[in-house]
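Below is one structure; the comments refer to it alone.
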Amino acid sequence: MNQTLVQKLTRTKPVAPPVEHVSADQAPSGNRLHRSMGLFPLTMIGVGATIGTGIFFTMVEAVPKAGPSVVLSFLIAAITAGLTALCYAELSFRIPASGSSYSFAYATVGEFLAFIMAACLLLEYGLAASATAIGWSDYLNNFLNNAFGWHIPEMLRSPMIVATASHGIELRPGHINLPPILLVILCCVLLIRGTKESATTNAIMVLIKLAILVFFIVIAFSGFDINNFHPFFSPDNGVHYTGMAGVTAAAATVFFSFIGLDTVATAGEEVRNPTRNVPIGILSALAIVTVFYMLVAFAAMGAQPASMFAGQEAGLAVILQNVTGQKWPALVLAAGAVISVFSVTLVTIYGQTRILYAISKDGLISRTFQKVNPRTASPVQNTLIVSLVVGLVAGFVDATFLWDMVSMGTLTAFIVVSLAVPVLRYKQRANPTAGFRVPFGPYLVPGLSISACLYLMFGLSLTTYTIFAIWMSAAVITYFLYGMRNSKLNKA
């Protein structure tokens, strides 16, 4: 039957019946992923993708905007993420598949918006992996300096394309940020070996990360000075980040660090008993992340004046060195950061590959991305392509370009997820299924989530909106030239 253009744009993918229990020993077949993860490693994927990025790196970007009130920025971001987490929990129960927000959108609001959502997720995950790999380089250099008195040469740890306040974009021929490229290669090798091995390794690294952050909190509080919180709101600093405007701008910058919630949902097709474990994993990860973010942000602001954060490399390690007057605490924290940020990069690359896998299965992009190695049960070609792109961006582009773009992608994804809840409830009204549901009905919490995300979007820069518009235009062209015609639903 020929479909009209509107019918093609709004066609939805049928929701597969939930898979309650699948044996951990079930062998993968064909191009199917293997359900090998339990609740604990799944929760650790969420924590691993979240804790680290916002704390280890983005305070350098956020504190100059908000000052000590950056603690409110983290709180606002956490509340927004919490509202969306409830929506994720309900949708992941009813649509336990790889692809996360993309799969949710495809089952509710239609193919075209799902493809646009996929483009947002690709932007979100790809740039997040690159940004965290770049930040890892700073902590590695700090560790090498404190441990051995040796710096990585500047030309080997600085990008070719940088952002400067005076000249805008500047090219520096001959420069390359080599450590992030090496990190991406290591992540690629681990992911190719298989999901179960990667998840176990990630869980170990996350536990190390949490221990390191507890170590930071205890020592930072020993140098706590309440005077560092005065004035609490940032005064006019010439860049229009005064008072709550600074809080909002900082919240928009740090919000991408809650990407871990989405990463949990991307694993829906590789989790045992996904209808139970994915919702619990999302909410558990959010609780752990929020507690640690607030404690670390409060301790850091109490230990160091806000004016010292701008441009500070390996900021948390430097804070400990300043508080104690000794190198060994900074050495311990830098070593922990090197390990923990590895886990952030690992799970964000993992999330990117699983989204591409889901889109490819639906015929909207090349089948290359859905080919699974029968021995390792991992999409090898997919992983190699993603790692190549992430490595090139991390090695040659300044992280300043990346933070807000990731937040834009994350916020857009969260809006679609929130919108999908009432749509799915309406579609299933005749045969409602038991399980987790967003409290207070299908409209209140999703509506608050959408409003909070839009509020944070207003804090992003015009440059961010411009680049995002270009990316979205490319996505629309790709859909009409390839995706719509090759969609499996188009051939049904």
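Hydrogens, waters and symmetry mates are skipped; everything else that's a heavy atom, side chains included, is used.
Among all heavy-atom pairs drawn from Met301 and Pro68, the shortest one is CE-CA, 3.5 Å. When all heavy atoms of Val184 and Val390 are compared, the pair lying nearest together is CG2-CG1, 3.8 Å. Met472 and Ile116 make their closest contact through SD-CG2, 3.6 Å (heavy atoms, listed as atom of the first residue, atom of the second, distance). In this structure, Ala118 and Tyr102 approach most closely via the heavy-atom pair CB-CD1, 3.7 Å. Of all non-hydrogen atoms in Gly409 and Glu124, the two that sit nearest each other are O-OE1, 3.5 Å. The minimum heavy-atom distance between Tyr106 and Ser487, with the atom names listed, is OH-OG, 3.4 Å.
Residues Leu346 and Cys187 meet the side-chain proximity criterion, which asks for heavy atoms closer than 4.5 Å. No side-chain heavy atom of Leu213 sits less than 4.5 Å from a side-chain heavy atom of Tyr293. Considering only heavy atoms from C-beta on, Arg354 comes within 4.5 Å of Pro379 through its side chain. The shortest distance between side-chain heavy atoms of Cys188 and Ile349 does not fall below 4.5 Å. In this structure the side chain of Arg157 reaches within 4.5 angstrom of the side chain of Asp138, judged on heavy atoms. No side-chain heavy atom of Val416 sits under 4.5 Å from any side-chain heavy atom of Leu113.
The closest donor-acceptor contact from the side chain of Trp471 to the backbone of Ala119 lies under 3.5 Å. When atom types are taken as modelled, the side chain of Gln321 and the backbone of Pro329 share no donor-acceptor pair closer than 3.5 angstrom. For the pair Ser407 (side chain) and Ala252 (backbone), a donor-acceptor distance under 3.5 Å is present. Between the side chain of Trp136 and the backbone N or O of Val338, at least one donor-acceptor pair lies under 3.5 Å. Although no hydrogens or angles enter the test, the distance criterion places no donor-acceptor pair under 3.5 Å between the side chain of Ser387 and the main chain of Leu384. Put simply, the side chain of Gln370 gets close to the backbone of Ser360: a donor and an acceptor are under 3.5 Å apart. Side-chain atoms of Thr290 never come within 3.5 Å of backbone atoms of Ala287 as a donor-acceptor pair (strictly under, hydrogens ignored).
For the atom pair OG1 (Thr412) and CD1 (Ile415), the distance works out to 5.5 Å, reported to the nearest 0.5 Å. Note that the CG atom of Leu140 and the CG atom of Asn145 stand 11.0 Å from one another [nearest 0.5 Å]. The CD1 atom of Ile359 sits 11.0 Å away from the CE atom of Met117 when rounded to the nearest 0.5 Å. Considering CG of Leu144 and NE2 of His151, their distance stands at 9.5 Å, rounded to 0.5 Å. Considering CG of Leu411 and CG of Leu456, their distance stands at 5.5 Å, rounded to 0.5 Å. Taken to the nearest 0.5 Å, the CG atom of Leu286 stands 9.5 Å off from the OG1 atom of Thr84.
In this structure, Tyr88 and Phe414 have perpendicular ring planes: the angle between them is above 60°, well past the 30° mark. Classification of the Phe143-Phe148 ring pair by plane angle, with boundaries at 30° and 60°, yields perpendicular. Between Phe112 and Tyr479, the angle of the ring planes goes over 60°, which puts this pair in the perpendicular group of the 30/60° scheme.
Here the options are Leu191, Leu190, Val189, the test is side-chain contact (heavy atoms from CB on, under 4.5 Å), and the partner is Thr383; only Leu191 passes.
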(request) For side chain to side chain contact (heavy atoms under 4.5 Å, CB included), just list the numbers for Asn322 and Met308, CA-CA rounded to whole Å, side-chain angles, deciding distance to a tenth of an Å, and then say yes or no. (result) CA-CA 11 Å; Asn322 292 340; Met308 294 179 64; 3.9 Å; yes
(request) In sequence, state the C-alpha distance, the side-chain angles, and the governing distance for Phe480 and Phe115, and then conclude on side chain to side chain contact (heavy atoms under 4.5 Å, CB included). (result) CA-CA 10 Å; Phe480 281 106; Phe115 192 84; over 6 Å; no
(request) Go through the steps to decide whether Leu75 and Met294 satisfy the test side chain to side chain contact (heavy atoms under 4.5 Å, CB included), and finish with yes or no. (result) CA-CA 7 Å; Leu75 181 60; Met294 296 303 297; 4.1 Å; yes
(request) List the steps, then state whether side chain to side chain contact (heavy atoms under 4.5 Å, CB included) holds for Ile176 with Phe396. (result) CA-CA 6 Å; Ile176 182 174; Phe396 292 97; 3.8 Å; yes
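The distance between the ring centers of Phe74 and Phe292 does not fall below 6.0 angstrom. Aromatic pair Phe342/Tyr139: ring centres not closer than 6.0 Å.
For Ala452, the side-chain contact (heavy atoms from CB on, under 4.5 Å) criterion is met by Thr80, not counting sequence neighbours.
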